[in-house]
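Down below is the structure, laid out as structure tokens.
Since the model is a prediction, treat every value here as computed from it, not as a measurement. Below, chains carry the letters A, B, ... as their sequence lines are ordered, and counting in each starts from 1.
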Number of protein chains: 2
Amino acid sequence: MASRRFDPERRDRIIDAALDVIAAQGVAGASHRKIAEHAGVPLGSMTYHFVSMDELLTEAFRRFANSIADRFDQQFGEAADVDGARQAVVDLIHLDLLDSQRDLVLTHELYTLAARKPVFRQITRDWMARSRRALGLHFDPETCRMLDALIEGLFIHAALDTEPHDRATAVEAVARITTPIKTRPARETKEPNLT
Amino acid sequence: MASRRFDPERRDRIIDAALDVIAAQGVAGASHRKIAEHAGVPLGSMTYHFVSMDELLTEAFRRFANSIADRFDQQFGEAADVDGARQAVVDLIHLDLLDSQRDLVLTHELYTLAARKPVFRQITRDWMARSRRALGLHFDPETCRMLDALIEGLFIHAALDTEPHDRATAVEAVARITTPIKTRPARETKEPNLT
DNA sequence: CAGCCATGCGTACGATCGTACACATCGTTG
DNA sequence: CAACGATGTGTACGATCGTACGCATGGCTG
């Protein structure tokens, strides 16, 4: 029953290599051969360790989602109060996530798969659940959902936009979305842009 | 100089067929052959009308983005005042967009391409610019950016989530994000979720 | 120490792909 | 009316892919 030539790191390295290749070439360009080469393993190892490509992709994206969620948890675990949590949200958008094009690419690749295949949708759902749980430490459930959606949108737009992602705008947006509307007077917008 | 056997609809049909195939199979599964078959044209027509696959994809996604932006413009053009605009936002999320899985899939496919290739990023940027211009009819520029991001996030999450997309939550979220923070008293959240 | 079998790998097969290119078709022109 | 050239198509080539499968390897057992 003891392991013979068993190398448990091998499987992990393949998964990591898969994420690297996907980040660089996309799911479409990620072939068994490319991943094997990048991981430094023979082609035969692919089908030996993973019965199909889908299994490899599933495990890879599960790992990716968990790694992001870990950072999420960490940030909010460190936040002392609500204002700290708000700060953490802004930091996540502007530092942790935006810096790495890699995360953006992988996120979109995952969402694309999730939009079509239930297996991957489950991964995104679990991810969202973890995010909301982290937010739930500081905000009420309804606010969590709004805030989670806002983070998603700000992240995406900040990454797709040219460059001028204004931190002040993110701060204001987070402040608005986390403050219940009932407590404020109805006030219209400042100056509509005509034309 | 006059057209001989020229059939201008042919090219359009190919583009529409491309979007259909992409929606069904993804960019990865969209081959010249499948698109040709779906469009009812011979394989040779593909390389005749489009020098490369990228050109076809570019035109297809440009058309897709414009069609969505058209609906956007229409909704906000019809809105009479700010409250009408807020209503329009909620409607866009809950009726126009959410109904069609097709739009979600195509949007993600486009974003995935945009995350990697500048050509497609330009398409998304133009799309975002049009969206913000439409929002700018009723809201100030900063609010437009926040609201645009919120719409993006709500749309994505509503589509990836199981089902329970609460309209009331969207209404509240839109109300919060469109009301400047300065006018409200600092008020914490209701009841944090511990555990 | 000999042989067996779990473990892992090299290679080849059939399918599918993008693209090139020779050829068919037919309106136009001289 | 003949033939030319613009317009469109059928087919074949080389590359790449996922996967299957027979063989190498070497630790364990008797």
* **A/Y48 OH - C/dG10 C1' separation (whole Å)** => 15 Å
* Structure fact -> Across all chains, not counting sequence neighbours, the ring-ring contact (aromatic ring centres under 6.0 Å, His included) partners of A/Y111 are B/H108
* Asked: Between B/Q122 and B/D126, is any side-chain donor less than 3.5 angstrom from a side-chain acceptor?
  -> yes
* Report the distance from atom CD1 of A/I35 to atom P of D/dT16, rounded to the nearest whole Å. => 17 Å
* d(CZ, B/F50; C1', D/dT9) in whole Å -> 16 Å
* Structure fact -> From CD of A/E55 across to P of D/dT19 the rounded distance in Å is 11 Å
* Can you name the ring-ring contact (aromatic ring centres under 6.0 Å, His included) partners of A/F50, sequence neighbours left out? -> none
Residues 29-47 of chain B side chain polar contacts: donor-acceptor under 3.5 Å, at least two apart:
residue : atom : partner : partner atom : Å
B/S31   : OG   : B/K34   : N            : 3.2
B/K34   : NZ   : B/G29   : O            : 3.0
B/S45   : OG   : B/R10   : NH1          : 3.4
B/T47   : OG1  : B/G44   : O            : 3.4

Below 3.5 Å is the cut-off: list the nitrogen or oxygen pairs between protein and nucleotides 17-21 of chain C, distance only.
residue : atom : partner : partner atom : Å
C/dC17  : OP1  : B/S31   : OG           : 3.4
C/dG18  : OP1  : B/H32   : N            : 3.4
C/dG18  : OP2  : B/H32   : N            : 3.0
C/dG18  : N7   : B/R33   : NH1          : 2.8
C/dG18  : O6   : B/R33   : NH2          : 2.9

* Asked: Is B/S45 near enough to D/dG8 that one of its side-chain N or O atoms lies under 4.0 angstrom from OP1 or OP2?
  -> no
* **Qualifying salt bridge (charged side-chain N to carboxylate O under 4.0 Å, His left out) pairs, either residue in residues 40-55 of chain B, two or more places apart** => B/R11-B/E55, B/D54-B/K117
* Asked: By salt bridge (charged side-chain N to carboxylate O under 4.0 Å, His left out), which residues pair with B/E109, not counting sequence neighbours?
  -> A/R116
* Within the pair B/R10 and D/dT9, is there a side-chain N or O less than 4.0 Å away from OP1 or OP2? -> yes
